[in-house]
Participant: 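Before I ask anything, let me first share the structure, which is written out below as structure tokens.
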Amino acid sequence: MKLKREEAIRLVNNALTQAYDEASFRQLVQNLCPQAEMLNEPVKTLIPDSFQGSVTAYKRLAKYEDPESYTLDVLAVKLSSQRTLENARTLQRNFVARYLNGSRGGQLKDAALVAFYADDGEDWRFSLVRMDYELDAEKQKVEKTLTPARRFSFLVGKGEKTHTARQQLLPILETPTAITLKEIEAAFNIEKVTKEFFEEYKKLYLRLKEALDKHLEKDATTKGEFTGKGIKTEDFAKRLLGQLVFLYFLQKKGWLGVAKGAAWGTGSKNYLKELFDTENVKPNRNFFNDVLEHLFYDALATERQTQDHFFPALNCKIPFLNGGLFEPFKGYAWDATDILLDNAIFKAIFDVFDLYNFTVREDEPLDKEVAVDPEMLGNVFERLMSEEERGKSGAFYTPKPVVHYMSQQSLINYLDMAINTVERPINDTQPKQTALFELPKAKQASLTMRVYEERIPRSDLAVLVQAGESAIEHERRIAEKGSETDAYQHKMPFSIRQHKQALDDLLKQVRVLDPAIGSGAFPVGMMIEIVRTRRLLAAMMKRDVNAYDLKWDCIEHSLYGVDKNASAVDIAKLRLWLSLVVDEESFDDIKPLPNLDYKIREGDSLIGFTVNTSQSHQALTKKLLPLKHQFFAETRPARKKALRAEIDSLLAEKYEASRRIEGAAITFDPHLEFSEVFSPSDTWPNSGFDVVIANPPYVRQEAIKDLKAGLSVRYKNVAKGTADLLVYFYELAHKLLREEGCLTFISSNKFMRAGYGDK
């Protein structure tokens with residue numbers, strides 16, 4: 001039966017704005033699938049051993065076959081705790097996948113609508129878990145594919161926003177005909193949310209930029225400060241919106257507005273809007289100039305003397321975050337300028353943001369939250385660029401599945417080459433050295449070459465990298481018990497188990513560069529794969545590790561990036577910081593974020609010293625390395641400022657010398673900026689990057705006329721146009737790689753035609 005809009009809205013709100021309630025959920029399901037058979041089956045508490053401790057019970061509420069003969073069950077799955085709900089996403093998906101994949105008498109089901117909930121929390125997940133099956137022509141039976149289960153979820157419950165769920169579900173509730181599984185899938189489609197959020201975000205950005213432009217016209221002091229510091233209003237507006245989005249993620253964790261003496265996590269999840277409503281009613285109160293700047297630069301960016309982080313000006317606890325996101329943009333004198341922006345702009349920002357759910361977790365290809373996540377920020381950033389700007393810079397959004405695939409393949413390639421290649425002498429015996437012209441005999445150096453000797457089959461390495469979290473619990477239980485059991489069998493091949501320590505060492509040492517980082521998709525993707533794989537290896541070695549420490553280690557030692565666009569650098573840093581925030585589970589103290597200034601750099605990676613200067617940088621590296629290491633984790637503003645000045649001074653000396661060496665001023669060079677990567681040490685024995693992974697800049701040939709003229713002499717046999725730039729990009733990447741490194745690009749048709757597609 002078709003519902004009127006008011007009835008449909010009331011039904012969604014009643015079911016999804018409170019803690020899980022079976023009666024309300026049943027009513028919602030009955031209206032979503034009126035032809036479904038509602039069931040009263042008993043609660044099942046017999047849980048497969050591999051899920052015990054996380055899943056405590058489940059119940060089938062309904063079953064449905066759509067007009068296209070797809071089958072769907074409706075389940076309620078009770079989890080052991082709210083933490084399990086938040087963190088064990090793969091486990092939840094795998095539990096339902098096992099249910100759908102023949103656990104009920106061998107009968108295969110296509111999908112399930114599932115309520116995942118826990119008794120100790122008011123939030124729950126309303127999910128669609130979808131299986132993909134294919135027919136094996138030879139066996140004449142259905143076999144599951146390699147990635148059989150996909151999950152799409154709304155985070156709902158008391159205090160959560162229902163705007164997205166309501167907008168997506170209303171078309172189904174208002175449709176009188178029998179609903180199909182495809183239509184249900186469409187209701188859980190994240191792309192609709194992305195498009196809607198971007199359109200609203202763009203309006204806010206344009207309004208904010210316009211307000212800044214008008215303010216500069218009226219205020220000579222601020223205009224002079226912006227001009228002197230090279231601050232563009234569009235960059236300031238993008239950064240300000242990024243800061244506010246970051247705070248929406250923080251308030252989601254209950255880290256803002258925490259009462260004095262109360263634990264982290266107890267703050268209001270609507271703190272920013274409540275703060276605005278409180279301050280906006282005060283006479284002559286400008287929200288940005290009088291409130292936000294103090295929140296940013298006095299509270300979030302400044303370490304306070306009190307251990308509980310209490311901030312008297314706002315009468316609450318505010319965490320000290322460090323990292324640089326909340327430092328004044330390009331060092332502008334915020335306390336000496338009055339940037340007076342209309343309060344109505346911030347009301348509009350909060351009104352829009354308050355419509356959406358924010359999730360700190362980066363989506364996995366198989367598990368998507370229908371909410372605003374860090375990946376979406378990258379998408380929004382790139383869409384904010386004008387067509388002309390995108391055309392000149394070659395900036396294009398890379399879909400998450402492509403990032404996921406490329407990251408895994410790059411890691412597999414790296415491990416394959418690193419563990420399966422060894423130094424071998426060319427001659428089996430030491431060659432004799434004879435005297436020449438009666439000179440003293442000298443010992444001839446042994447000649448060696450690197451050869452491929454398989455210790456671990458590449459297919460086994462693929463299992464390690466692609467198994468993900470699904471194998472962690474199995475390998476951990478086996479390591480604890482000392483042997484396999486009926487419930488827990490090895491998911492990892494013997495060769496992986498035999499060389500687990502060596503593999504972990506290689507993952508700890510890997511160096512990854514994205515020379516055109518954009519919004520940071522590839523470094524984040526590589527980090528996710530590295531951390532997931534190291535967690536699996538740690539489980540096999542009975543080591544207690546946590547994702548936060550592994551991510552910190554990976555960000556500090558393994559990840560590097562460059563981009564010409566300052567806003568891109570900001571977003572890339574923001575995503576890496578958010579990746580740490582999501583795994584910060586301490587409610588006693590919140591760790592300050594690392595400083596990423598010398599990890600993610602603003603610059604043009606295609607322009608540098610024409611000669612290989614890595615040897616001449618070694619003396620400089622000895623000075624830079626300890627300074628960079630200190631700077632990465634430094635929290636004291638004065639010390640951080642001093643370290644930054646010392647590092648910048650050392651780098652500037654080299655760039656000043658470029659006028660003499662190159663005949664022109666060089667402002668960025670990867671060998672110099674990341675000189676520690678090219679200077680082997682006892683800790684890091686390899687010289688160069690192990691992985692260069694990127695989406696190269698795709699630009700129209702008209703935009704690179706000057707570059708083409710210089711390249712045409714070097715690449716006479718290469719097709720002209722974009723291919724010239726890509727070949728140059730390719731050559732640069734190989735200069736940055738060590739001998740056994742892995743190079744991964746997304747290839748365009750022009751690049752393939754240029755003859756470099758197989759590289």
Side-chain angles (χ1 to χ4, degrees), residues 3 5 8-9 11-13 15-16 28-29 31-33 64 66-68 70-74 89 92-93 96-97 100 109-116 124-133 145 147-156 160-175 177-202 352-353 355-380 382-383 397-405 521:
L3 292 179
R5 174 153 291 238
I9 292 173
L11 179 66
V12 172
N13 289 343
L16 304 184
L28 176 62
V29 168
N31 282 276
L32 285 172
C33 306
Y64 175 60
D66 81 349
E68 298 176 347
Y70 288 102
T71 55
L72 177 144
D73 278 1
V74 180
R89 298 198 296 176
Q92 296 165 42
R93 187 177 73 244
V96 177
L100 296 172
K109 298 279 188 175
D110 293 297
L113 284 173
V114 190
F116 292 98
W124 53 287
R125 275 191 171 79
F126 179 30
S127 301
L128 170 68
V129 180
R130 178 78 159 87
M131 302 293 288
D132 288 323
Y133 299 108
T145 63
T147 56
R150 293 175 288 124
R151 184 171 78 148
F152 312 86
S153 302
F154 295 111
L155 181 61
V156 296
E160 295 297 337
K161 311 297 188 298
T162 61
H163 167 80
T164 299
R166 188 169 61 243
Q167 292 294 102
Q168 308 266 89
L169 294 174
L170 284 182
I172 297 179
L173 292 169
E174 294 174 326
T175 301
T177 57
I179 202 71
T180 66
L181 179 55
K182 290 180 181 177
E183 289 171 308
I184 295 175
E185 274 193 281
F188 285 83
N189 187 349
I190 185 65
E191 295 305 320
K192 293 181 180 178
V193 182
T194 301
K195 183 178 180 180
E196 180 186 283
F197 182 74
F198 165 70
E199 293 299 335
E200 296 298 330
Y201 196 96
K202 183 178 181 180
V352 169
F353 286 5
L355 292 175
Y356 298 91
N357 292 89
F358 283 75
T359 175
V360 187
R361 292 190 178 277
E362 293 264 7
D363 271 341
E364 301 174 15
L366 299 179
D367 205 318
K368 294 183 178 293
E369 195 97 12
V370 188
V372 176
D373 70 350
E375 182 197 1
M376 192 181 294
L377 294 184
N379 195 346
V380 166
E382 286 165 10
R383 290 190 187 189
Y397 171 70
T398 308
K400 185 70 173 182
V402 176
V403 173
H404 177 69
Y405 173 79

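What you see below is based on every heavy atom in this structure, not just the backbone, and it leaves out hydrogens, waters and symmetry mates. Counting begins at 1 with the first residue of the sequence.
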Participant: Assess the residue pair Phe188 and Leu113 against the criterion (side chain to side chain contact (heavy atoms under 4.5 Å, CB included)); give the C-alpha distance rounded to whole Å, side-chain angles, the decisive distance to 0.1 Å, and a yes or no.
Facilitator: CA-CA 11 Å; Phe188 285 83; Leu113 284 173; 3.9 Å; yes
Participant: Please list, chain by chain and in numerical order, all residues satisfying salt bridge (charged side-chain N to carboxylate O under 4.0 Å, His left out) with Glu183, sequence neighbours excluded.
Facilitator: none
Participant: Do the non-hydrogen side-chain atoms of Tyr70 and Thr180 ever get within less than 4.5 Å of each other?
Facilitator: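 No; the side chains remain at least 4.5 Å from each other.
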Participant: Can you name the side-chain hydrogen bond (donor to acceptor under 3.5 Å, both in side chains) partners of Glu199, sequence neighbours left out?
Facilitator: none
Participant: Rounded at 0.5 Å granularity, tell me how far CD in Glu196 sits from OG1 in Thr164.
Facilitator: 6.5 Å
Participant: Working to the nearest 0.5 Å, report the span between CG of Leu11 and CG of Leu28.
Facilitator: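 Leu11 atom CG to Leu28 atom CG measures 5.0 Å (nearest 0.5 Å).
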Participant: Looking at side-chain heavy atoms only, is the closest gap between Gln92 and Val129 below 4.5 Å?
Facilitator: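 They are not in contact (no side-chain heavy atoms under 4.5 Å apart), so the answer is no.
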Participant: Which heavy atom of Ala371 sits nearest a heavy atom of Thr359, and at what distance?
Facilitator: CB-CG2, 3.9 Å
Participant: Give the minimum heavy-atom separation between Gln168 and Ala186, together with the two atoms involved.
Facilitator: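 Looks like NE2-O, 4.4 Å.
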Participant: Could you please spell out the steps behind the side chain to side chain contact (heavy atoms under 4.5 Å, CB included) verdict for Glu185 and Leu128?
Facilitator: CA-CA 7 Å; Glu185 274 193 281; Leu128 170 68; 3.6 Å; yes
Participant: Looking at every non-hydrogen atom in both residues, tell me the closest pair between Phe154 and Ala165 and how far apart they are.
Facilitator: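 Closest pair (atom of Phe154, atom of Ala165, distance): CE2-CA, 3.7 Å.
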Participant: Closest heavy-atom contact between Ala111 and Arg130?
Facilitator: CB-CD, 4.0 Å
Participant: Evaluate the side-chain proximity of Phe126 to Val370: yes if any heavy-atom separation is below 4.5 Å, no if none is.
Facilitator: no
Participant: Knowing that exactly one of Val12, Ile184, Leu173 qualifies, which makes a side chain to side chain contact (heavy atoms under 4.5 Å, CB included) with Leu32?
Facilitator: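 Only one option passes, and that is Leu173.
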Participant: For Ile179, does its backbone N or O pair with a side-chain atom of Asp66 as donor and acceptor, under 3.5 Å?
Facilitator: no
Participant: Quick check: closest heavy atoms across Leu170 and Ala8, and the distance to 0.1 Å?
Facilitator: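 It is CD2-CB, 3.3 Å.
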Participant: Search all heavy atoms of Trp124 against all heavy atoms of Leu155 and return the closest pair with its distance.
Facilitator: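 Minimum heavy-atom separation between Trp124 and Leu155: O-CD1, 3.5 Å.
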Participant: With a 4.5 Å limit on heavy-atom distance, are the side chains of Val156 and Thr162 in contact?
Facilitator: no
Participant: Taking the side chain as everything from C-beta on, heavy atoms only, tell me whether Glu68 gets closer than 4.5 Å to Leu181.
Facilitator: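 SC-SC contact between Glu68 and Leu181 ruled out.
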Participant: Does the side chain of Val96 reach to within under 4.5 Å of the side chain of Phe116, using non-hydrogen atoms?
Facilitator: yes
Participant: Can you find a pair of side-chain heavy atoms, one from Tyr356 and one from Glu200, that are under 4.5 Å apart?
Facilitator: yes
Participant: Rounded to the nearest 0.5 Å, what's the gap from CZ on Phe152 to CZ on Arg93? Could you check?
Facilitator: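 Spacing of CZ (Phe152) from CZ (Arg93) equals 10.5 Å.
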Participant: Working to the nearest 0.5 Å, report the span between OH of Tyr201 and CZ of Phe353.
Facilitator: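 Answer rounded to 0.5 Å: 5.5 Å.
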Participant: For the CD atom of Gln167 and the CG atom of Leu355, what is their distance to the nearest 0.5 Å?
Facilitator: 8.5 Å
Participant: Which distance, rounded to the nearest 0.5 Å, do you find between the CE of Met131 and the OG1 of Thr71?
Facilitator: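 So the CE of Met131 and the OG1 of Thr71 are separated by 10.5 Å.
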Participant: Strictly distance-based, threshold 3.5 Å: is any side-chain N or O of Ser153 a donor or acceptor partner for the main-chain N or O of Glu369?
Facilitator: no
Participant: Can you find a pair of side-chain heavy atoms, one from Asp373 and one from Ile190, that are under 4.5 Å apart?
Facilitator: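 They are not in side-chain contact.
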